Amino acid sequence: MFGKKPVLKEGVHVFSIIPNGEYNDFIFGVVTGIQGRKVGVNGIRVNPVGLKNKIAQGKTGERSAEILEHPTPDNIILALVYRVEHDNFAEVLDLDKDKCDLLPPKIYSILDGWIRESLPELINNVLSLSPGSERDEAKRILRHRMDTLLDKNLKRTLYSVCRSLKVLN
């Protein structure tokens, strides 16, 4: 009646974290194979360096540190507002020691689109520039990118984040 509970199998989307210094990087990708307690994942590893820098400068609150210490699919969008570094990830996770949460396809497509469309860079440009013509140009570029996005969920999420940050007024 309500459908089956999702199970870990080839082709499903997953979310995981990897320690990187004091904080964690996060991974989201697709399961490529399972052998016992080992899971092959092909996806993206994201290092939220912008948020790490803001924390080091003392310009954020406790919530930001919590996001980096305990990232979840629900809170990482806040880490993607600032500059990020990302690489392809094609490795094996060990379920006995690595976190491996199932990720709904809609959330995966939002996260994947957010990185592939370079949205952290565009938002960070607006946030880091002082008021003036350069910032207005950065806002225009961000607004144009938002208007050209095809994924409605990604577009809605970007609009919501921009509205809460007050970067498009």
Side-chain angles (χ1 to χ4, degrees), residues 12-30 41-91 99 101-169:
V12 299
H13 302 102
V14 292
F15 174 84
S16 187
I17 59 174
I18 291 183
N20 183 0
E22 186 178 349
Y23 300 111
N24 293 305
D25 290 353
F26 51 89
I27 298 160
F28 53 92
V30 178
V41 176
N42 189 1
I44 298 174
R45 177 180 180 157
V46 178
N47 180 0
V49 293
L51 187 56
K52 289 177 181 179
N53 289 339
K54 292 285 185 193
I55 290 171
Q57 296 168 3
K59 295 182 176 180
T60 61
E62 293 176 16
R63 177 82 171 124
S64 297
E66 180 186 324
I67 290 168
L68 294 181
E69 291 167 0
H70 308 288
T72 67
D74 298 327
N75 70 13
I76 60 169
I77 200 75
L78 301 173
L80 297 178
V81 169
Y82 301 104
R83 188 174 69 83
V84 298
E85 294 175 353
H86 61 89
D87 292 315
N88 289 332
F89 180 85
E91 295 183 26
K99 175 181 181 172
D101 296 335
L102 295 178
L103 197 58
K106 281 185 181 179
I107 302 300
Y108 174 81
S109 72
I110 289 171
L111 295 175
D112 185 61
W114 198 274
I115 297 299
R116 296 200 190 281
E117 295 286 344
S118 302
L119 298 179
E121 180 182 332
L122 296 174
I123 294 170
N124 189 53
N125 285 344
V126 174
L127 293 173
S128 64
L129 293 170
S130 54
S133 61
E134 287 182 6
R135 185 174 186 168
D136 291 342
E137 178 65 12
K139 284 181 180 183
R140 188 191 66 71
I141 292 169
L142 177 59
R143 195 173 292 117
H144 176 70
R145 178 64 58 93
M146 187 185 323
D147 291 342
T148 60
L149 290 175
L150 298 177
D151 184 326
K152 290 179 181 167
N153 292 319
L154 177 59
K155 191 174 193 174
R156 188 177 316 129
T157 302
L158 177 58
Y159 180 77
S160 177
V161 168
C162 288
R163 187 178 62 230
S164 68
L165 291 172
K166 299 178 180 156
V167 295
L168 293 179
N169 334 10

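Keep in mind the model is a prediction, meaning the values are calculated, not measured.
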Ignoring hydrogens, what is the shortest heavy-atom contact between [X] and [Y]? Give both atom names and the distance.
X: Ala65; Y: Tyr23; result: O-CE2, 4.2 Å
X: Asn75; Y: His70; result: ND2-O, 3.4 Å
X: Leu129; Y: Ala138; result: CD1-CB, 3.9 Å
X: Leu103; Y: Pro73; result: CD1-CB, 3.4 Å
X: Cys162; Y: Met146; result: SG-CE, 4.0 Å
X: Trp114; Y: Pro120; result: O-CD, 3.3 Å

Could you check Val81 against Val161 for side chain to side chain contact (heavy atoms under 4.5 Å, CB included), going step by step and ending with a plain yes or no? CA-CA 8 Å; Val81 169; Val161 168; 3.9 Å; yes

Show your reasoning for whether side chain to side chain contact (heavy atoms under 4.5 Å, CB included) applies to Val14 and Leu102. CA-CA 4 Å; Val14 292; Leu102 295 178; 4.2 Å; yes

Can you tell whether the side chains of Lys52 and Asp25 come within less than 4.0 Å, N to carboxylate O?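 Looking at Asp25 together with Lys52, the answer is yes, because their closest N to O distance falls below 4.0 Å.
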
Counting only N and O atoms by type, is there a donor-acceptor contact under 3.5 Å from the side chain of [X] to the main-chain atoms of [Y]?
X: Asn24; Y: Glu69; answer: yes
X: Arg145; Y: Glu117; answer: yes
X: Arg135; Y: Val126; answer: yes
X: Thr157; Y: Asn153; answer: yes

Quick check: do [X] and [Y] have side-chain heavy atoms less than 4.5 Å from each other?
X: Phe28; Y: Val46; answer: yes
X: Asn20; Y: Arg45; answer: yes
X: Phe15; Y: Ile76; answer: yes

Verify the neighbour count for atom CD of Glu62: are there more than 12 heavy atoms of other residues, nucleotides or ligands below 6.0 Å?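 Check fails, neighbour count at 12 or below.
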
Take atom CG of Asn88 as the centre, draw a 6.0 Å sphere, and report whether it contains more than 12 heavy atoms from other residues, nucleotides or ligands.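 No, because the 6.0 Å sphere around CG of Asn88 holds 12 heavy atoms or fewer from other groups.
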
To the nearest 0.5 Å, what is the distance between [atom1] on [X] and [atom2] on [Y]?
X: Leu150; Y: Lys155; atom1: CG; atom2: NZ; result: 8.5 Å
X: Lys139; Y: Leu127; atom1: NZ; atom2: CG; result: 10.0 Å
X: Lys152; Y: Ser109; atom1: NZ; atom2: OG; result: 13.0 Å
X: Ile55; Y: Tyr82; atom1: CD1; atom2: OH; result: 9.5 Å
X: Ile44; Y: Phe26; atom1: CD1; atom2: CZ; result: 10.0 Å
X: Ser118; Y: His86; atom1: OG; atom2: NE2; result: 6.0 Å

The test is side chain to side chain contact (heavy atoms under 4.5 Å, CB included); show your working for Glu91 and Ile27 and say whether it passes. CA-CA 11 Å; Glu91 295 183 26; Ile27 298 160; over 6 Å; no

Should the pair His13 and Tyr108 be assigned to parallel (<30°), tilted (30 to 60°) or perpendicular (>60°) ring geometry?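 Aromatic pair His13/Tyr108 classed parallel.
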
Counterpart residues, side chain to side chain contact (heavy atoms under 4.5 Å, CB included), relative to Ile141 (two or more places apart):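 Once residues adjacent in sequence are excluded, the partners of Ile141 under the side chain to side chain contact (heavy atoms under 4.5 Å, CB included) criterion are Leu122, Glu137.
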
Does Asp87 have any side-chain hydrogen bond (donor to acceptor under 3.5 Å, both in side chains) partners at least two apart in sequence or in another chain, and if so, which?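 In terms of side-chain hydrogen bond (donor to acceptor under 3.5 Å, both in side chains), with neighbours along the sequence ignored, Asp87 is linked to no residue.
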
Verify side chain to side chain contact (heavy atoms under 4.5 Å, CB included) between Leu119 and Leu80, making sure each step is shown before the conclusion. CA-CA 8 Å; Leu119 298 179; Leu80 297 178; over 6 Å; no

